[in-house]
Protein chains: 2
Amino acid sequence: MARAATTSDVFNAIAEPQRREILALLRAGERPVTELAHELGMSQPGASKHLRVLREVGLVRVREAGKQRLYGLDARGLRPVHEWAGGFERFWNESFDRLDTYVQDLKQARQED
Amino acid sequence: MARAATTSDVFNAIAEPQRREILALLRAGERPVTELAHELGMSQPGASKHLRVLREVGLVRVREAGKQRLYGLDARGLRPVHEWAGGFERFWNESFDRLDTYVQDLKQARQED
DNA sequence: TTGACGCATTCCCATATCGGCATACGATAG
DNA sequence: CTATCGTATGCCGATATGGGAATGCGTCAA
């Protein structure tokens, strides 16, 4: 078995830096492929490929506009990512200087719930 | 070129479902490798490999405890992920029923710059 | 219709997985 | 010292990847 297909889920899709950059750019609005490619310093086929991945996981949508295809952001798929990471918030706020005692306390706290 | 090494950054590390499961388990406290492997239904070498990746991106740390090695969570590295995704919050809160018009407005706004 | 333009797809390569299996390694028990 | 337990690592195979180059294809302009 190899790595799961990047097109299989959002976490894989956003694992690639250039795809995150595309998403960031699209926050400012729709853009045609060539413009994205140029702004990110990648080839047109390269941009198309990344956009395809983003499309397949639903982070991006296309709209036909004559010769061009305008890609737009659909960030709803990022919400699960945000929530997943947020589930660890209380942990990164803790002091890790004494991880051992920290974990002990946590166990204790959980038992008191 | 292939995909960047998964050990290169946190986004890649958490792209793998089993690694996310490991992190989830570790929220309850430190655990030795074998226990993790058993709880996740994976082989010991498998667990060790995933733990290595998590270690290399700093999401996990080890503590020697006699024969065992206790792995503990260090969620600080997940904060950037949370914040990155959070940067899109206002977008997933938008109504996408009228995405077209929404984007139109946005595009228009860009042209007026 | 023909040509130019914008984009997607395909093929190829070098690489990085992930999983299984065997094995090496460090620490402890006897 | 030696056997054993708990882990880490090495090697293999099957697969997915990202990038480059070439190409297919639909749309619009002349």
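Bear in mind that the values here come from a model prediction, so they are computed numbers and not experimental data. Numbers restart at 1 for each chain; the letters A, B, ... are given by sequence-line order, proteins then strands.
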>> So if I define the base as every atom that isn't primed, P, OP1 or OP2, how would nucleotides 10-16 of chain C read as a B/S/- string at a heavy-atom cutoff under 4.0 Å?
In response: B----BS

> Earliest and latest nucleotide of DNA chain D, 5' to 3', sitting under 4.0 Å from a non-hydrogen atom of chain A?
Replying inline: D:dG13 to D:dC28

Where do N or O atoms of nucleotides 27-30 of chain C meet protein N or O atoms at under 3.5 Å, pair by pair?
none

> Which is true for B:Gln68 with a 4.0 Å heavy-atom rule: it touches a base, it touches only sugar-phosphate, or it touches nothing?
Replying inline: sugar-phosphate

>> My understanding is that only residues two or more places apart in sequence, or in another chain, count here; which of them pass side-chain hydrogen bond (donor to acceptor under 3.5 Å, both in side chains) with B:Gln44?
In response: B:Ser48

>> According to side chain to side chain contact (heavy atoms under 4.5 Å, CB included), who are the partners of A:Val57, at least two apart in sequence or on a separate chain?
In response: A:Val10, A:Ala13, A:Leu59

>> Under 4.0 Å, counting only non-hydrogen atoms across every strand here, what does B:Ser48 touch: a base, just sugar-phosphate, or nothing?
In response: base

>> Quick check on DNA chain D: between B:Thr34 and A:Ser43, whose nearest nucleotide comes earlier from the 5' end?
In response: B:Thr34

> So do A:Asp74 and A:Val60 actually touch side chain to side chain, heavy atoms under 4.5 Å?
Replying inline: no

> Residues in salt bridge (charged side-chain N to carboxylate O under 4.0 Å, His left out) with B:Glu83, at least two apart?
Replying inline: B:Arg79

> When the distance from CG of B:Leu51 to P of C:dC18 is rounded to whole Å, what number comes out?
Replying inline: 13 Å

> Which value, rounded to the nearest 0.5 Å, describes the distance between A:Leu25 atom CG and A:Leu36 atom CG?
Replying inline: 6.0 Å

>> So if I take residues 18-25 of chain B and measure heavy-atom distances to DNA chain C, which residues fall below 4.0 Å?
In response: B:Gln18, B:Arg19

>> Judged by each residue's nearest nucleotide on DNA chain D, which is more toward the 5′ side, B:Ala47 or A:Gly46?
In response: B:Ala47

>> Applying salt bridge (Lys or Arg N to Asp or Glu O under 4.0 Å) as the test, list every pair that has at least one member in residues 42-58 of chain B; sequence neighbours left out.
In response: B:Arg52-B:Glu56

> Does anything in residues 9-34 of chain A pair up under ring-ring contact (aromatic ring centres under 6.0 Å, His included), and if so which pairs, sequence neighbours excluded?
Replying inline: A:Phe11-A:Trp84

>> Strictly by ring-ring contact (aromatic ring centres under 6.0 Å, His included), give each pair with a member in residues 24-78 of chain B just once, sequence neighbours left out.
In response: none

>> Do A:Leu51 and A:Val62 make a side-chain contact, defined as non-hydrogen atoms from C-beta onward lying under 4.5 Å apart?
In response: no

> Is any side-chain N or O of A:Tyr71 closer than 4.0 Å to OP1 or OP2 of C:dA8?
Replying inline: yes

>> Going by salt bridge (Lys or Arg N to Asp or Glu O under 4.0 Å), name the pairs with one or both residues in residues 5-21 of chain B, residues two or more places apart or in two chains.
In response: A:Asp9-B:Arg20, A:Arg20-B:Asp9

> Would you call B:Glu30 and B:Arg63 a side-chain contact if the rule is heavy atoms closer than 4.5 Å?
Replying inline: yes

> Is the charged tip of A:Arg27 near the ring of B:Phe91: under 6.0 Å from the six-membered ring centre and within 45° of its axis?
Replying inline: no

> For A:Glu35 and C:dC5, what is the distance between atoms CD and C1' respectively, to the nearest whole Å?
Replying inline: 16 Å

> For B:Glu35, what residues pass the salt bridge (charged side-chain N to carboxylate O under 4.0 Å, His left out) criterion, not counting sequence neighbours?
Replying inline: B:Arg31

